[in-house]
Amino acid sequence: ALLRTGESVSHFPRVTDELRTLVHGPLLTVTTRIAMWSKGRHFRVERLDEKRAAIQDCGVMGWFTQDSQSSVSDRNPIRSTIAHYGKVDEILVVKYHAHTTLEEVVLKCKWFRMNLVGNNRTCEEDACGFTRLKTGANSVISSNWRASDPFAFPHHLEQAFYLPYLDDPEWSIVMPYVPRSRSIVQ
């Protein structure tokens with residue numbers, strides 16, 4: 001029983017109210033939050049952390065699939081999963097309201113440049129095994145949506161803290177946050 005062109009979704013009993021609501025699209029108004037809880041983590045927008053130096057709840061990291069090429073003429077891109085690091089810029093709440101009410105939270109992030117090789121590298125592992133990340137002002141990708149892809153769902157991200165590196169203030173050490181409800185078993 002496939003949907004044919006011109007047929008209404010309402011004639012199919014297996015289609016849920018949630019799917020019908022998504023098909024109608026979101027409302028035109030989007031609200032924002034300054035903080036939220038997800039998976040035992042407290043995400044906050046960066047401007048709140050700037051006011052309180054002791055709190056760093058805006059840092060995030062996520063593992064995303066990316067195609068990489070060695071040059072523009074490379075016809076064989078390599079697909080790999082790469083860690084991305086950033087800070088929460090905005091917390092957006094997108095509401096859907098048709099057959100049922102749905103609410104989806106999306107984080108708009110400022111991502112740091114991820115260059116893993118060469119003299120211009122921005123991410124590396126130090127001698128102690130910690131991830132070092134260049135977090136200076138020039139290390140943030142411009143907010144051009146096509147270049148930075150700033151949006152991510154909270155359940156795709158982990159919280160991270162960026163501790164200033166003592167030898168060089170341009171660099172920080174990335175410390176992933178593990179909630180109390182989880183334990184690390186090795």
Side-chain angles (χ1 to χ4, degrees), residues 19 22 26 30 33 35-46 49 56-94 104-186:
L19 182 58
L22 287 173
V30 175
R33 294 184 184 163
M36 67 165 288
W37 285 92
S38 174
K39 299 188 312 183
R41 291 166 173 78
H42 188 230
F43 293 108
R44 295 161 47 110
V45 294
E46 183 180 17
D49 280 355
Q56 295 183 9
D57 292 337
C58 71
V60 292
M61 61 184 281
W63 293 86
F64 300 105
T65 303
Q66 178 175 321
D67 291 335
S68 302
Q69 295 175 293
S70 61
S71 68
V72 176
S73 61
D74 186 2
R75 299 285 181 227
N76 299 312
I78 298 171
R79 180 165 284 179
S80 57
T81 304
I82 298 175
H84 284 62
Y85 303 95
K87 292 186 175 184
V88 177
D89 190 30
E90 289 183 77
I91 300 172
L92 306 169
V93 181
V94 181
E104 189 62 53
V105 177
V106 180
L107 301 179
K108 182 179 177 212
C109 301
K110 292 182 190 175
W111 298 110
F112 294 110
R113 293 186 193 285
M114 293 304 299
N115 187 357
L116 304 174
V117 295
N119 293 335
N120 294 330
R121 96 174 30 188
T122 58
C123 185
E124 63 187 12
E125 191 172 300
D126 70 3
C128 298
F130 291 105
T131 300
R132 254 178 33 130
L133 182 67
K134 201 172 226 181
T135 55
N138 296 334
S139 299
V140 176
I141 298 174
S142 70
S143 59
N144 179 351
W145 289 13
R146 286 178 280 203
S148 66
D149 198 10
F151 300 105
F153 293 111
H155 56 274
H156 290 160
L157 298 173
E158 300 292 331
Q159 195 169 16
F161 301 106
Y162 302 113
L163 306 174
Y165 202 70
L166 297 178
D167 295 341
D168 189 353
E170 275 276 311
W171 291 81
S172 296
I173 294 197
V174 179
M175 296 298 297
Y177 171 72
V178 179
R180 291 182 189 163
S181 62
R182 293 187 186 175
S183 60
I184 297 176
V185 179
Q186 293 184 7

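For the single chain, residues carry numbers from 1 onward in sequence order. Everything quoted here is computed from the prediction, not taken from an experiment. When reading the values below, keep in mind they use all heavy atoms of this one structure, side chains included, and skip hydrogens, waters and symmetry mates.
Separation of atoms CZ (Arg33) and CG (Leu107) is listed at 10.5 Å; rounding is to 0.5 Å. Note that CE of Met114 is 9.0 Å distant from CD of Gln66, once rounded to the nearest 0.5 Å. In this structure, the separation between CD1 on Ile91 and CZ on Arg44 is 9.5 Å, given to the nearest 0.5 Å. How far CZ of Phe64 is from CD1 of Ile82: 11.5 Å, rounded to the nearest 0.5 Å. We find the CZ-NZ distance between Arg113 and Lys134 to be 11.0 Å, quoted to the nearest 0.5 Å. Rounded to the nearest 0.5 Å, atoms CH2 (Trp171) and CZ (Arg132) are 5.0 Å apart.
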Which is it for Thr122 and Phe112 under the side-chain contact (heavy atoms from CB on, under 4.5 Å) test, yes or no, and what are the steps along the way? CA-CA 8 Å; Thr122 58; Phe112 294 110; over 6 Å; no
List the steps, then state whether side-chain contact (heavy atoms from CB on, under 4.5 Å) holds for Leu157 with Cys109. CA-CA 11 Å; Leu157 298 173; Cys109 301; 4.2 Å; yes
Please report the C-alpha distance between Phe161 and Val174 in whole Å, then the side-chain angles of each, then the deciding distance to 0.1 Å, and finally whether the side-chain contact (heavy atoms from CB on, under 4.5 Å) criterion is met. CA-CA 6 Å; Phe161 301 106; Val174 179; over 6 Å; no
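Listed for the Gln159 side chain is no donor-acceptor partner under 3.5 Å among the backbone atoms of Phe43.
The two residues Met175 and Leu163 come nearest to each other via the heavy atoms CG-CD1, 3.3 Å. Contact record, Trp111 with Asp149: NE1-O, 3.3 Å, taken as the closest heavy-atom pair. When every heavy atom of Thr65 is checked against every heavy atom of Thr81, the shortest pair comes out as OG1-OG1, 4.0 Å. Taking each heavy atom of Tyr85 and Cys123 in turn, the nearest pair found is CE1-SG, 4.1 Å. Taking all atoms of both residues into account, the shortest heavy-atom contact from Val105 to Met36 is CG1-SD, 3.4 Å. Closest approach of Pro164 and Ser172 over heavy atoms only: CA-OG, 4.1 Å.
For Asp67, the CG atom sits in a packed shell: over 12 heavy atoms of surrounding residues, nucleotides or ligands are nearer than 6.0 Å.
Ring planes of Phe153 and His155: parallel class, angle under 30° (limits at 30 and 60°).
Note on Glu158 versus Lys39: salt bridge recorded, some NZ/NE/NH1/NH2 to OD/OE distance being below 4.0 Å.
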